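Structure first, then comments.
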Amino acid sequence: MKTKNKLVRMSKVLSLVFGIFFQIYWYKILRKPQAEWDKLWGRFGARFRQTLFELEGLLIKLGQILSTRADLLPPSFISQIEDLTDKVPPSEWSEIEGILEKEWGNSLQQHFQSIEKTAIASASIGEVYKGMIQDGTEVAIKVKRPNIDSIVETDFRILSIVFWLVDHLVPLPKGLMNFKVLFKEVKQVIKRELDYSEELNTIFTFKERFKEMDIVQIPAVYAELSTSNVLVMEWVEGLRLTNNEAINQLPVSRQELAQRLLKVFLPQWMEPGTFHADPHPGNVLVSKEGKIILLDFGMVGELSKKDAGYFQGLIESFLAKNYPKAVECLFQLGVLLPEAESRTIERILAEFITFQPAHLKEMDLLALKLEINDLIQSLPIQIPTRFVFLGRSVVTIEGIIRNLAPEAELLELGKPVFMEWLNTQGNNKWLFVWQWLQSQPVFKIFHSVNEFLNAPQKMEQLKEVEQRRQFQFTMYENKKKQLFQLTLFGVTGIAVGFYTAHDLIWEVSAGVAAAGCVGYFICCYRLKKWMKYMHEKRRI
């Protein structure tokens, strides 16, 4: 870890945060045009990325999470951090050896014939070494980095301050992000990742879950050698799914591999329980026989029974092209905000689903990605905080699948996998047939008539709520701006008073600055209370 000192880590992060806050409000005061804002957010992203690489640790993982939030953060910021990798230099072998001996209470030779002293993999929390136990079996030894618990605790304290500042001081787009929930989710996941005994139990859970699926391989674990700081597993050889040359030599087609990947991960996204939250190409491999190998179960998430039901309904709606039902599921999941216009979202979904991947060859992919980010920003949507890790899992697997089968349409690949999964659940195919019937023109007519009759009342309600929300929000923002300017004026006066040695000037200015600062925080508190009242359903 490059920077272990607590005060240094805290000062670097807080200076970054306060620098960003100050420039945001300065640009607001000067009313800079959109082009200048885009450049500013690009500079923020570059500085943020540089700080993360300098400090590493938990902060790298925070950057990886933020890189998936195109619904909240500007594209120019996202583009700077979207390819963050969690790779850090390995520790000294003497430190690792000391940890192993402390955990096992005796010399390594009693358990191992040999251990390679060079790490096979090294990340911000743990490192992996290759070894051979006494019976000649090769194993992977996962060891927590020295002092990582202390470093992570420091980073949690820093993040609690940062999240509080962002939640109270920064007017994020739509004002809907519940940072308390996000911080709690991040802390829960990382704390679990720090305890290897939790990962041991998770591996047993996944092995039990996939015991009937012969296309999945999960390493065996040696519980007698594993502790909260060390995890000993079967050594498994596999190919990266991004290794195109090696993948082409397998006895399984690329399309079949893509479907196998869906068979492994679709149940995790559809069924209540635990899902793999970090399935990057280093954690999801393929054996020479074509089996999907799952590694590293440190970062996992939980899906509730209620959310799982709505996700199932959403997939069924997409496959049956029943877009009204899909919109209803999105509303229930909290992805669509209350003021979203159903018919508009239905048309967007229809156009998105019918998009042909083959057209990508004729497009500027960078421009297309920017357009999609802009679309996400402009629509009344937001990924609820509780789905941050699930979304990361889905997006990562989607990227791998598109690399495996770039010519195939994702829905066509997924449809037979979903139907097969549906049958295993004991569900009736008539449910899917009913979804399909609802999408037919005769049902759409009834849906349209009902929507037409209710439209005037609904539009009046939405209009009234939106006007009240915009007026109140603008009023609070104007007050915050005025109080911020008053505080800056007071601070400037204090500097002038000290420079000119006029006690009265700096004393009056100090009072003005204090009054402005207190008023600003009171206004922030009232705005937060009001937003909680107005958007309780959104802030889930």
Side-chain angles (χ1 to χ4, degrees), residues 14-49 66 69-81 162-177 179 337 339 367 370-382 463 465-496 509 512-531 534-535 538:
L14 293 183
S15 65
L16 169 68
V17 172
F18 280 114
I20 291 176
F21 287 174
F22 181 82
Q23 290 185 68
I24 287 176
Y25 281 104
W26 185 249
Y27 267 48
K28 277 180 166 290
I29 292 171
L30 298 180
R31 297 183 178 180
K32 291 283 189 178
Q34 185 59 44
E36 291 296 321
W37 277 100
D38 290 339
K39 292 179 182 178
L40 178 68
W41 279 106
R43 293 197 296 271
F44 286 162
R47 188 181 171 193
F48 183 73
R49 178 189 180 92
L66 291 180
R69 298 315 305 256
D71 57 323
L72 285 178
L73 296 168
S76 52
F77 184 89
I78 294 291
S79 64
Q80 294 290 335
I81 64 172
V162 171
F163 277 41
W164 186 91
L165 290 171
V166 173
D167 197 25
H168 287 78
L169 301 182
V170 178
L172 286 173
K174 306 172 189 173
L176 303 169
M177 190 63 172
F179 283 94
L337 304 181
E339 67 266 25
L370 292 176
E371 287 181 15
I372 292 174
N373 285 339
D374 289 339
L375 178 65
I376 292 174
Q377 287 276 347
S378 63
L379 289 175
I381 63 175
Q382 175 166 352
K463 185 177 179 181
V465 171
E466 184 62 20
Q467 286 178 342
R468 181 155 53 98
R469 187 180 74 87
Q470 287 293 342
F471 174 77
Q472 191 72 24
F473 184 78
T474 302
M475 188 174 69
Y476 277 120
E477 281 295 296
N478 287 338
K479 283 185 180 179
K480 284 173 62 179
K481 181 178 177 181
Q482 292 165 2
L483 290 167
F484 182 76
Q485 291 171 339
L486 183 65
T487 304
L488 284 181
F489 178 76
V491 172
T492 305
I494 293 172
V496 171
S509 299
V512 171
C517 187
V518 171
Y520 181 84
F521 278 101
I522 291 175
C523 189
C524 287
Y525 174 74
R526 288 179 176 174
L527 175 60
K528 182 181 178 182
K529 254 184 109 174
W530 172 80
M531 288 176 66
M534 287 295 293
H535 308 295
R538 302 182 190 179

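All values below come from the heavy atoms of this structure, side chains included, with hydrogens, waters and symmetry mates left out. A quick note: this is a predicted structure, and the numbers were derived from the prediction, not measured.
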About how many Å separate CD1 of Ile29 and CG of Leu488, when rounded to the nearest 0.5 Å?
5.5 Å

Point-to-point distance, once rounded to the nearest 0.5 Å, from CZ of Arg47 to CD of Gln23
7.0 Å

Residue pair Lys28, Phe484: steps toward the side-chain contact (heavy atoms from CB on, under 4.5 Å) verdict:
CA-CA 11 Å; Lys28 277 180 166 290; Phe484 182 76; over 6 Å; no

Which pair of heavy atoms, one from [X] and one from [Y], lies closest together, and at what distance?
{"X": "Trp41", "Y": "Ser76", "result": "CB-OG, 3.2 Å"}
{"X": "Gln80", "Y": "Arg49", "result": "O-NH1, 2.8 Å"}
{"X": "Ala513", "Y": "Val491", "result": "CB-N, 4.0 Å"}
{"X": "Ile494", "Y": "Ser509", "result": "N-CB, 3.3 Å"}
{"X": "Lys479", "Y": "Cys523", "result": "CB-SG, 3.7 Å"}

Could you pull out all residues at least two apart from Arg43 that satisfy side-chain hydrogen bond (donor to acceptor under 3.5 Å, both in side chains)?
Tyr27

When the ring planes of Phe18 and Phe21 are compared, do they come out parallel, tilted or perpendicular, using 30° and 60° as the limits?
perpendicular

Determine, stepwise, if the pair Ile24 / Trp37 fulfils side-chain contact (heavy atoms from CB on, under 4.5 Å).
CA-CA 9 Å; Ile24 287 176; Trp37 277 100; 4.1 Å; yes

